[in-house]
Amino acid sequence: QVQFVESGGGSVQPGGTLRLSCETSQFALRAYAIAWFRQAPGREPEGVSCIRSYDGTTYYADSVKDRFSVSRDLDKNTVYLQMSNLRPEDTGTYFCAARTKDPDRLFRHCGLWETQFERFGVWGQGTQVTVSS
């Protein structure tokens, strides 16, 4: 099955740290690239990070580079997003998603991941992250 359960969100002060978890299946991790998106009210989802399925290569949005780190544990079927030095603009609902709808069937790749969120067809329920003083 392809499904996700996110957890680990919360409310922190600027400069704080959170670690998000995305529980999924072995099948999902092997078959699809997994991306993290975040969404603020009234805005489209914004790409945060992506991890390529077949070799674990990671990609980051410029806004989070050097502050966030995505990783996976293939034994636990879990993808993590370690977030450090959080800023108010990091506030939003964070989702993990599988690239199940790529028109070229490049399901294991992260190409165009930052903006083409519609190619990620299975999303979790999301976890809220609030960064404020």
Side-chain angles (χ1 to χ4, degrees):
Q1 60 184 237
V2 180
Q3 62 182 21
F4 299 97
V5 178
E6 300 99 328
S7 62
S11 181
V12 298
Q13 294 183 327
T17 299
L18 286 173
R19 189 188 195 190
L20 307 184
S21 297
C22 172
E23 294 184 63
T24 185
S25 66
Q26 177 180 285
F27 172 78
L29 290 178
R30 294 185 63 185
Y32 306 106
I34 308 297
W36 285 95
F37 297 95
R38 65 189 181 191
Q39 187 170 25
R43 298 174 176 82
E44 290 188 337
E46 174 189 14
V48 175
S49 183
C50 186
I51 184 165
R52 197 158 64 189
S53 176
Y54 56 90
D55 65 357
T57 298
T58 57
Y59 303 86
Y60 300 93
D62 288 341
S63 61
V64 307
K65 192 167 296 183
D66 300 323
R67 298 189 298 118
F68 290 13
S69 178
V70 66
S71 61
R72 64 183 179 178
D73 188 326
L74 298 178
D75 292 327
K76 299 182 184 297
N77 297 326
T78 300
V79 178
Y80 303 98
L81 184 66
Q82 180 72 35
M83 307 187 296
S84 300
N85 193 23
L86 285 161
R87 304 166 179 171
E89 53 263 41
D90 294 319
T91 294
T93 303
Y94 282 68
F95 303 89
C96 55
R99 191 178 172 108
T100 62
K101 299 173 68 177
D102 189 281
D104 297 313
R105 301 185 63 80
L106 298 175
F107 304 121
R108 306 175 73 202
H109 297 248
C110 287
L112 304 177
W113 66 274
E114 281 191 78
T115 57
Q116 302 301 306
F117 58 85
E118 67 275 8
R119 302 188 180 196
F120 292 79
V122 179
W123 295 47
Q125 84 289 347
T127 185
Q128 179 67 35
V129 172
T130 302
V131 185
S132 63
S133 58

Under a 3.5 Å distance rule, please check whether Arg43 uses its side chain to pair with a backbone N or O of Pro41 as donor and acceptor. yes
Test item: Gln26 side-chain N/O and Leu74 main-chain N/O as donor-acceptor pair under 3.5 Å: no
With a 4.5 Å cut-off on side-chain heavy-atom distances among I, L, V, M, F, W and Y, is there a chain of contacts connecting Phe117 to Val79? no
Between Phe37 and Trp123, is the ring centroid distance below 6.0 Å? yes
Can I get a per-line list of side-chain donor-acceptor pairs under 3.5 Å for residues 49-63, giving both atom names and the distance, sequence neighbours left out?
| unit_1 | atom_1 | unit_2 | atom_2 | d |
| --- | --- | --- | --- | --- |
| Ser49 | OG | Tyr59 | O | 2.9 |
| Arg52 | NE | Tyr54 | OH | 3.2 |
| Arg52 | NE | Asp55 | OD1 | 3.0 |
| Arg52 | NH1 | Tyr59 | OH | 3.0 |
| Arg52 | NH2 | Asp55 | OD2 | 2.7 |
| Arg52 | NH2 | Thr57 | OG1 | 3.1 |
| Ser53 | OG | Leu29 | O | 2.8 |
| Ser53 | OG | Arg30 | O | 2.8 |
| Asp55 | OD1 | Thr57 | N | 3.1 |
| Asp55 | OD1 | Thr57 | OG1 | 3.1 |
| Asp55 | OD2 | Thr57 | OG1 | 3.0 |
| Tyr60 | OH | Val70 | N | 2.8 |

Distance from Tyr32 atom OH to Phe120 atom CZ, nearest 0.5 Å? 12.0 Å
So, using side-chain contact (heavy atoms from CB on, under 4.5 Å) as the criterion, who are the partners of Glu89 when residues are at least two apart? Arg87
Just one of Arg38, Gln128, Gln39 clears the side-chain hydrogen bond (donor to acceptor under 3.5 Å, both in side chains) bar with Tyr94, so which one? Arg38
How long is the span from the CZ atom in Phe4 to the CG atom in Asn77, to the nearest 0.5 Å? 11.0 Å
Roughly how far, to the nearest 0.5 Å, is OG1 of Thr100 from CZ of Arg105? 11.0 Å
At what distance, to the nearest 0.5 angstrom, does OG of Ser69 lie from CG of Leu81? 8.0 Å
Please check if Val122 and Phe27 belong to a single hydrophobic cluster, counting links between Ile, Leu, Val, Met, Phe, Trp and Tyr side chain heavy atoms closer than 4.5 Å. yes
Could you pull out all donor-acceptor pairs under 3.5 Å where a side-chain atom in residues 12-20 meets a protein atom, sequence neighbours excluded?
none

List the atom of Ala98, the atom of Val2, and the distance in Å for their closest heavy-atom pair. CB-CG1, 4.0 Å
More than 12 heavy atoms of other residues, nucleotides or ligands under 6.0 Å from CD of Glu118: is that the case? yes
The reported gap from CD in Gln82 to CZ in Phe68 (rounded to nearest 0.5 angstrom) is 10.0 Å
Minimum-distance pair of heavy atoms, taken over all atoms of Tyr80 and Asp73: CE1-CB, 3.9 Å
Do side-chain atoms of Thr24 reach the backbone of Gln3 as a donor and acceptor pair under 3.5 angstrom? yes
Nearest 0.5 Å, what's the CZ-CG distance between Arg99 and Leu112? 6.5 Å
Is there a side-chain contact between Met83 and Val129 (heavy atoms, below 4.5 Å)? yes
For Thr91 and Ala40, the nearest pair of non-hydrogen atoms, with its separation, is O-CB, 4.4 Å
Test item: Arg67 and Asp90 side chains (from C-beta on) under 4.5 Å apart, heavy atoms: yes
